[in-house]
Amino acid sequence: MTGSEAPRRRRLRRLARRASVIVAAVVAALTVASFSYNLATGPAPRPPGLRMLSAGGFDTRYRAWGTSGSPVVLVPGAFETADTFDALGTALGTDHRVFAIDLTGTGYSTPSPPFTASHLADQLVAFMAAEGLTGADAPVIVGHSSGAAVVGIAALRGRNVVAGVMFLDGDAIGLGGAPSLLGWLLADPYRTTILRLGLSSSWLIRTIYNTQCGPGCPPLTAAGVETWRQPLQQPGYESAAAYTIRHGIPSMTTAEFSQLRANAVPKRVVSGIHDSQISAADAAETASRIGAPPPAAVPGRHLTMISSPQQVAAAIRAFIRSTGHP
């Protein structure tokens, strides 16, 4: 070692020690700030006047439209609730009994882990049984986006459970969880802070809504922003979000796809013409995978029940007629 190399290495070691001290101080400060922010914000209270149903170990919030006609149950996707179906429920409720639920962990239903597709299907089946939607009065069930996996699995739960199953803007194929390198950032308390900061941004909520819904959707008012934000500020949502981050969105297994394809229950696939998440080729492949006829396309992007409620309602009515129900 030369005379100049030894001082240089000592300087590097001192710099490394200083850097480690600075990093530790920054991490400590961020952790304290994160805990403080989480304590100061907290979950939002559940609003009064919600319709709740307790069945099968689940406390499910739901909405309903219509008083006559064959039943339809609408199941939301990730970050969605029964309120997402307001326009579609209104359009379809003129001649059908329409129900929409909040899946456990998202919205106002009481959290009930684990948040697997199978567990969510248990919730759906329990809700339908408690409402008397079984046997001759079994409903057509419509799953939007990741809700497609929930209705697909529910259709496998036995005879007379459903009259038909529709995948709306969804293929029931999962997306993987977050890369392991993000594990530190997505651990608590940082995960909770990131989620709450994101939900606090009206601009971010409007941007995601506009991107997913497209120009055919009504703009979000301040009240509309709260309709999306408040359900995701409920107790338990952060646990559901953590599960999704680790495991990905609800999905069906290869075996479940095979079982659904072999099942005699009627099936349909409907998707938005300009949906960036489900292309026309994806929709056709999904229909083939579950044993459904060629898919139907409606105007819109990913939130077709908001952009094109009348067209989606017409597609559901046509599907119901094909099952022999009025």
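Numbers for residues simply follow the sequence, beginning at 1.
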Side-chain donor-acceptor distances from residues 284-294 under 3.5 Å, at least two apart:
| unit_1 | atom_1 | unit_2 | atom_2 | d |
| --- | --- | --- | --- | --- |
| Glu285 | OE2 | Arg289 | NH2 | 2.9 |
| Thr286 | OG1 | Asp282 | O | 2.9 |

(message) Let's go through Val142 and Ile316 carefully: what are the C-alpha distance in whole Å and the side-chain angles of both, what is the deciding distance for side chain to side chain contact (heavy atoms under 4.5 Å, CB included) to 0.1 Å, and is it a yes or a no?
(response) CA-CA 8 Å; Val142 180; Ile316 295 173; 4.0 Å; yes
(request) Mind listing the closest non-hydrogen atom pair of Pro113 and Pro111 along with its distance? (result) CD-C, 4.0 Å
(message) If we ignore hydrogens and angles and just use 3.5 Å, is the side chain of Ser146 paired with the main-chain N or O of Ile249 as donor and acceptor?
(response) no
(message) Does any part of the side chain of His144, heavy atoms only, come nearer than 4.5 Å to the side chain of Thr84, both counted from C-beta?
(response) no
(request) Check the pair Val98 / Arg63 against side chain to side chain contact (heavy atoms under 4.5 Å, CB included), numbers first and verdict last. (result) CA-CA 8 Å; Val98 184; Arg63 292 189 61 182; over 6 Å; no
(message) Using every non-hydrogen atom in the two residues, find where Ile141 and Ala154 come nearest and quote the distance to one decimal.
(response) CD1-CB, 4.1 Å
(request) To the nearest 0.5 Å, tell me how far Leu92 CG sits from Arg97 CZ. (result) 12.0 Å
(request) Could you list who else is in Tyr243's hydrophobic cluster, with ILVMFWY side chains joined at under 4.5 Å, directly or through other members? (result) Phe115
With a cut-off of 3.5 Å and sequence neighbours excluded, list every side-chain donor-acceptor pair involving residues 303-312.
| unit_1 | atom_1 | unit_2 | atom_2 | d |
| --- | --- | --- | --- | --- |
| Thr304 | OG1 | Asp169 | OD2 | 2.6 |
| Ser307 | OG | Leu303 | O | 3.4 |
| Ser308 | OG | Pro299 | O | 2.5 |

(request) Can you sort out the partners of Asp102 under salt bridge (Lys or Arg N to Asp or Glu O under 4.0 Å), two or more places apart, ordered by chain and number? (result) Arg61
(message) Regarding Ser112 and His119, do their side chains bring together a donor and an acceptor under 3.5 Å, going by distance alone?
(response) yes
(message) Minimum heavy-atom separation for Pro266 and Ala163, please, with both atom names.
(response) CD-O, 3.3 Å
(message) What's the separation between atom CD1 in Ile173 and atom OG1 in Thr254, rounded to the nearest 0.5 Å?
(response) 9.0 Å
(request) Could you tell me whether the side chain of Leu168 reaches within less than 4.5 Å of the side chain of Val270, counting heavy atoms only? (result) yes
(message) How close do Ala126 and Gly56 get, counting heavy atoms only, and between which atoms?
(response) CB-CA, 4.0 Å
Give every donor-acceptor pair under 3.5 Å between a side-chain atom in residues 65-73 and any protein atom, sequence neighbours left out.
| unit_1 | atom_1 | unit_2 | atom_2 | d |
| --- | --- | --- | --- | --- |
| Ser70 | OG | His96 | ND1 | 3.1 |
| Ser70 | OG | Pro326 | O | 2.8 |

(message) So, using ring-ring contact (aromatic ring centres under 6.0 Å, His included) as the criterion, who are the partners of Phe319 when residues are at least two apart?
(response) none
(message) Applying ring-ring contact (aromatic ring centres under 6.0 Å, His included), can you list everything that pairs with Phe85, at least two apart in sequence or on another chain?
(response) none
(message) Return the NZ to CZ distance between Lys267 and Arg261, rounded to the nearest 0.5 Å.
(response) 8.0 Å
(request) Can you sort out the partners of Phe79 under ring-ring contact (aromatic ring centres under 6.0 Å, His included), two or more places apart, ordered by chain and number? (result) none
(request) State yes or no: do Val125 and Val150 share one hydrophobic cluster built from I, L, V, M, F, W and Y residues joined by side-chain heavy-atom distances below 4.5 Å, directly or via other members? (result) yes
(message) Suppose we call two aromatic rings close when their centres sit under 6.0 Å apart. Are His274 and His302 close by that rule?
(response) no
(request) Would you please test Arg157 and Val162 for side chain to side chain contact (heavy atoms under 4.5 Å, CB included) and show each step? (result) CA-CA 9 Å; Arg157 292 299 164 83; Val162 300; over 6 Å; no
(message) Taking disulfide (SG to SG under 2.5 Å) as the cut-off, I'd like each qualifying pair that reaches into residues 206-310, sequence neighbours left out, listed once.
(response) Cys213-Cys217
(request) Can you see which heavy atom on Gln277 is nearest to which on Asp275, and at what distance? (result) N-OD1, 2.8 Å
(request) Measure from the side-chain N and O atoms of Ser145 to the backbone N and O of Gly147, and report whether any donor-acceptor pair falls under 3.5 Å. (result) no
(message) Pairing donors with acceptors under 3.5 angstrom, does anything connect the side chains of Ser322 and Arg268?
(response) yes
(request) Please round to the nearest 0.5 Å and tell me the distance separating atom OH of Tyr209 and atom CG of Leu204. (result) 15.0 Å
(message) Please identify which of these residues, Ile101, Thr60, Val161, meets the side-chain contact (heavy atoms from CB on, under 4.5 Å) condition with Leu124.
(response) Ile101
(request) Side-chain contact test, heavy atoms from C-beta onward, threshold under 4.5 Å: evaluate it for Val298 versus Ile273 and give yes or no. (result) no
(message) Can you list, by chain and residue number, the hydrophobic cluster partners of Leu50 when the side-chain cut-off is 4.5 Å?
(response) Met52, Tyr108
(request) Spell out, yes or no, whether Val165 and Ile278 are grouped together once hydrophobic residues are joined by side-chain heavy atoms under 4.5 Å, including indirect joins. (result) no
Got a list of side-chain donor-acceptor pairs under 3.5 Å for residues 218-228, not counting sequence neighbours?
| unit_1 | atom_1 | unit_2 | atom_2 | d |
| --- | --- | --- | --- | --- |
| Thr221 | OG1 | Ala223 | N | 3.4 |
| Thr221 | OG1 | Gly224 | N | 3.1 |
| Glu226 | OE2 | Arg229 | NE | 2.9 |
| Glu226 | OE2 | Arg229 | NH2 | 2.8 |
| Thr227 | OG1 | Ala223 | O | 3.1 |

(message) Using every non-hydrogen atom in the two residues, find where Val265 and Gly164 come nearest and quote the distance to one decimal.
(response) CG2-CA, 3.8 Å
(message) Any non-hydrogen side-chain atom of Met166 less than 4.5 Å from a side-chain atom of Val269?
(response) no
(request) Can you measure from OG (Ser109) to CD (Gln123) and round to the nearest 0.5 angstrom? (result) 5.0 Å
(request) Any chance you could measure Ser251, atom OG, to Ile153, atom CD1, to the nearest 0.5 Å? (result) 7.5 Å
(message) According to salt bridge (Lys or Arg N to Asp or Glu O under 4.0 Å), who are the partners of Asp95, at least two apart in sequence or on a separate chain?
(response) Arg317
(request) Kindly determine whether Glu131 and Leu53 satisfy side chain to side chain contact (heavy atoms under 4.5 Å, CB included), including the steps that lead there. (result) CA-CA 9 Å; Glu131 280 289 331; Leu53 185 149; 3.2 Å; yes
(message) Is there a path of hydrophobic side-chain contacts, each under 4.5 Å between heavy atoms, that joins Phe58 and Leu103?
(response) no
(request) Indicate yes or no for a side-chain donor-acceptor contact from Asn210 to the backbone of Arg206 under 3.5 Å, with no hydrogens or angles considered. (result) yes
